[in-house]
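In what follows, every chain begins at residue 1, and chains take the letters A, B, ... in the order their sequences are listed.
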Amino acid sequence: MKRIFWVLMSIIALVSAGSATAQRRGERPTARFDAAAPQVGEVLPDLVIHDRTGKPLRLQELTRDHYTVLVLGCLT
Amino acid sequence: MRNVSSLEALKVDYAPRGVRFYYVYKALAHPETNDYVNVFTLEERLLHIAEAERTLGTHIPWLADNISNDLKRALGGAQNAELVIDPEGRVVRRRAWSDPETLREDLAALVGASEKTTRARDVELKTEPPERPIPRGIVPGVEVPGPMQALRIEPVVDDEKHPFYVKLRAEADEAYLDSGNGKLYVGFHLDPLYRVHWNNLAKPLEFELRAPEGLRISPLSGRAPKIEEPADADPREFLLDIRGDDPNSPIELTVRYFACDNANTFCVPVTQNYLVHLEIDPLAGRSRARGGMGRGGSMGRLMRFDTDGDGRISRNEAPERMRSDFARIDTNGDGSLDADELQAMAGRMRGRGRDRE
């Protein structure tokens with residue numbers, strides 16, 4: 001069973017790698033985001049994230065009562 | 001991170017209309033770019049945010065994904081996703097890759113056009129380069145056989161709670177993933193958050209592995225080479241043979257090294273332990289230093305200048321010595337150097353016997 005898991009994960013990884021190759025040609029991988037992320041009209045999951053000081057915040061509370069733009073990013 | 005100036009311009013225009021903007025810091029897309037490595041604790045993630053604020057000059061406030069990377073997982077592992085949430089908490093716009101131009105159209109439709117249109121170039125961002133005072137490019141990296149997949153690692157935190165000054169990265173090659181017989185990469189990377197270096201006058205890094213039943217690894221231990229230069233900040237990398245599959249337990253790894261800070265106030269022996277799980281970690285990011293390129297080769301070294309992680313080197317990212325030749329290397333004239341152009345340049349350099357940075 002684990003062998004099947006490895007093969008499936010390899011296929012997913014290779015598809016991602018292929019998508020990364022496509023990335024160099026101006027296309028960007030979106031399949032996993034399209035499948036996993038909340039759809040338009042759905043409520044954002046009520047996850048715990050943290051502010052700049054480490055204080056925990058609930059995502060739904062943070063975004064209540066106003067329009068909010070969230071952009072994921074990192075140093076690399 | 002891409003499009004920072006454009007996003008900051010949007011905040012200038014739409015914050016007065018009540019729109020709130022946040023960056024959410026998540027696991028690295030391309031660890032080892034500019035020597036940054038994935039963090040193990042929330043505190044380290046907050047240090048990454050401080051570094052992002054300093055090097056990118058951002059004004060939009062940062063939030064931190066929790067250390068389990070729940071938000072990144074909920075978004076399918078997206079690296080640069082962008083969401084617009086309405087006052088009732090519903091997603092009204094979503095995209096896998098941030099697009100400030102389209103976002104401006106979205107906001108105009110949702111809250112009305114802004115009174116002015118701030119351009120990206122109008123935004124003054126006080127940026128600073130990463131601090132890297134210790135020499136690099138001294139210790140050659142390993143050449144890997146092909147694309148590698150990051151394995152899930154679990155640091156074992158001891159009672160003294162030593163910071164992980166050095167962070168392990170473990171990867172397996174496709175041959176192992178396909179057939180159970182291949183290569184295991186273990187790399188020990190100095191975390192620049194801690195401003196430490198390898199003191200080459202002290203004992204070199206050593207590691208040892210304990211393989212679970214059903215798995216064979218060779219060699220089971222290693223020692224970093226003795227280096228003539230008194231200090232450097234290069235990773236210490238090893239490529240091992242690994243054979244066997246379906247182990248019920250993880251690999252146990254112990255590493256010993258001297259952690260020496262750049263201010264020369266301490267140099268202490270550290271012993272740390274990890275569990276290496278034989279499962280792909282889909283959130284560990286992909287190092288551009290490997291995947292067939294190899295950190296020891298010219299391509300691996302060149303891609304470290306790709307600071308925004310878009311797979312290309314812009315003129316601003318290019319090292320000084322490359323800028324005078326930039327137009328010549330940029331054969332398609334799009335203003336950035338892609339992998340094909342860099343490969344061609346690296347090939348010309350090797351052909352002239354000058355394979356150096």
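- Chosen from B/Ile49, B/Thr55, B/Leu42, the residue pairing most often with chain A at heavy-atom distances under 4.5 Å is B/Leu42.
- Contacts between A/Asp34 and chain B at a heavy-atom distance below 4.5 Å involve backbone atoms as well as side-chain atoms.
- With contacts defined as side-chain heavy-atom distances shorter than 4.5 Å, the pair A/Leu75/B/Asn34 does not qualify.
- With a 4.5 angstrom heavy-atom cutoff, A/Leu70 touches chain B via backbone and side-chain atoms both.
- For B/Val111, the part lying under 4.5 angstrom from a heavy atom of chain A is the side chain only.
- Across A/Leu59, A/Thr53, A/Thr63, the residue that shares the most heavy-atom pairs under 4.5 angstrom with chain B is A/Thr63.
- Using a 4.5 Å cut-off between heavy atoms, A/Glu42 touches chain B through its backbone atoms (N, CA, C, O) alone.
- The CZ atom of A/Arg64 sits 13.5 Å away from atom CD1 of B/Ile85, with the distance rounded to the nearest 0.5 Å.
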For this session: Step by step, work out the side chain to side chain contact (heavy atoms under 4.5 Å, CB included) result for A/Leu62 and B/Leu63.
Result: CA-CA 11 Å; A/Leu62 180 76; B/Leu63 304 170; 3.3 Å; yes
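- The greatest number of non-hydrogen atom pairs below 4.5 Å with chain A, out of B/Lys72, B/Glu53, B/Arg93, is found for B/Glu53.
- No donor-acceptor distance shorter than 3.5 angstrom exists from the side chain of A/Arg32 to the backbone of B/Gly77, with no hydrogens or angles considered.
- Under the 4.5 Å side-chain criterion, counting only non-hydrogen atoms from C-beta, B/Arg17 is not in contact with A/Tyr67.
- Applying the side chain to side chain contact (heavy atoms under 4.5 Å, CB included) test between A/Val71 and each of B/Leu7, B/Leu10, B/Val24 identifies B/Leu7 as the sole match.
- Contact check for B/Leu75 versus A/Pro38: side-chain heavy atoms found under the 4.5 Å cut-off.
- Heavy-atom distances place no part of B/Ser68 under 4.5 Å from chain A, backbone and side chain included.
- Shown here for A/Asp51 and B/Leu46, the closest heavy-atom pair between the two residues is O-CD2, 3.7 Å.
- For A/Glu61, no part lies under 4.5 angstrom from a heavy atom of chain B.
- One distance of note links CD of B/Glu88 with CG of A/Asp65; it measures 8.5 Å at 0.5 Å rounding.
- Neither the backbone nor the side chain of B/Ile60 comes within less than 4.5 Å of any heavy atom of chain A.
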Exercise. Going through the checks in order, is the side chain to side chain contact (heavy atoms under 4.5 Å, CB included) test met by B/Arg45 and A/His50?
Worked result: CA-CA 10 Å; B/Arg45 184 155 284 170; A/His50 301 269; over 6 Å; no
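- B/Leu28 CG to A/Thr76 OG1: the interatomic distance, rounded to the nearest 0.5 Å, is 4.0 Å.
- Taken from SG in A/Cys74 to OH in B/Tyr23, the straight-line distance is 13.0 Å, to the nearest 0.5 Å.
- With a 4.5 Å cut-off on non-hydrogen atoms, B/Ala50 touches chain A through its backbone and its side chain both.
- Within the 4.5 angstrom heavy-atom criterion, only backbone atoms of B/Gln79 (N, CA, C, O) approach chain A.
- Note on A/Pro56, A/Gly54, A/Ala37, A/Pro45: by heavy-atom pairs under 4.5 Å with chain B, the leading option is A/Ala37.
- The shortest heavy-atom contact between A/Phe33 and B/Ala81 is CE1-CB, 3.7 Å.
- By number of non-hydrogen pairs under 4.5 angstrom with chain A, the leading residue of B/Asp65, B/Asn80, B/Ile67 is B/Asn80.
- Between chain A and the residues B/Pro87, B/Gly285, B/Ala27, the largest count of heavy-atom pairs under 4.5 Å involves B/Pro87.
- Taking the side chain as every heavy atom from C-beta outward, B/Tyr22 and A/Val69 never approach each other to under 4.5 Å.
- In A/Gln39, the CD atom is crowded: over 12 heavy atoms of neighbouring residues, nucleotides or ligands sit closer than 6.0 Å.
- Interface check for chain A: of the options B/Ser98, B/Gly18, B/Ala74, the most heavy-atom pairs under 4.5 Å are formed by B/Ala74.
- The candidate from B/Phe21, B/Tyr36, B/Tyr25 with the greatest count of non-hydrogen atom pairs under 4.5 Å with chain A is B/Tyr25.
- Summarising the geometry, atom OG1 belonging to A/Thr30 is positioned 9.0 Å from atom CZ belonging to B/Arg94; distances are rounded to the nearest 0.5 Å.
- With a 4.5 angstrom heavy-atom cutoff, B/Glu43 does not touch chain A via any of its atoms.
- For B/Leu83, the parts lying under 4.5 angstrom from a heavy atom of chain A are both the backbone and the side chain.
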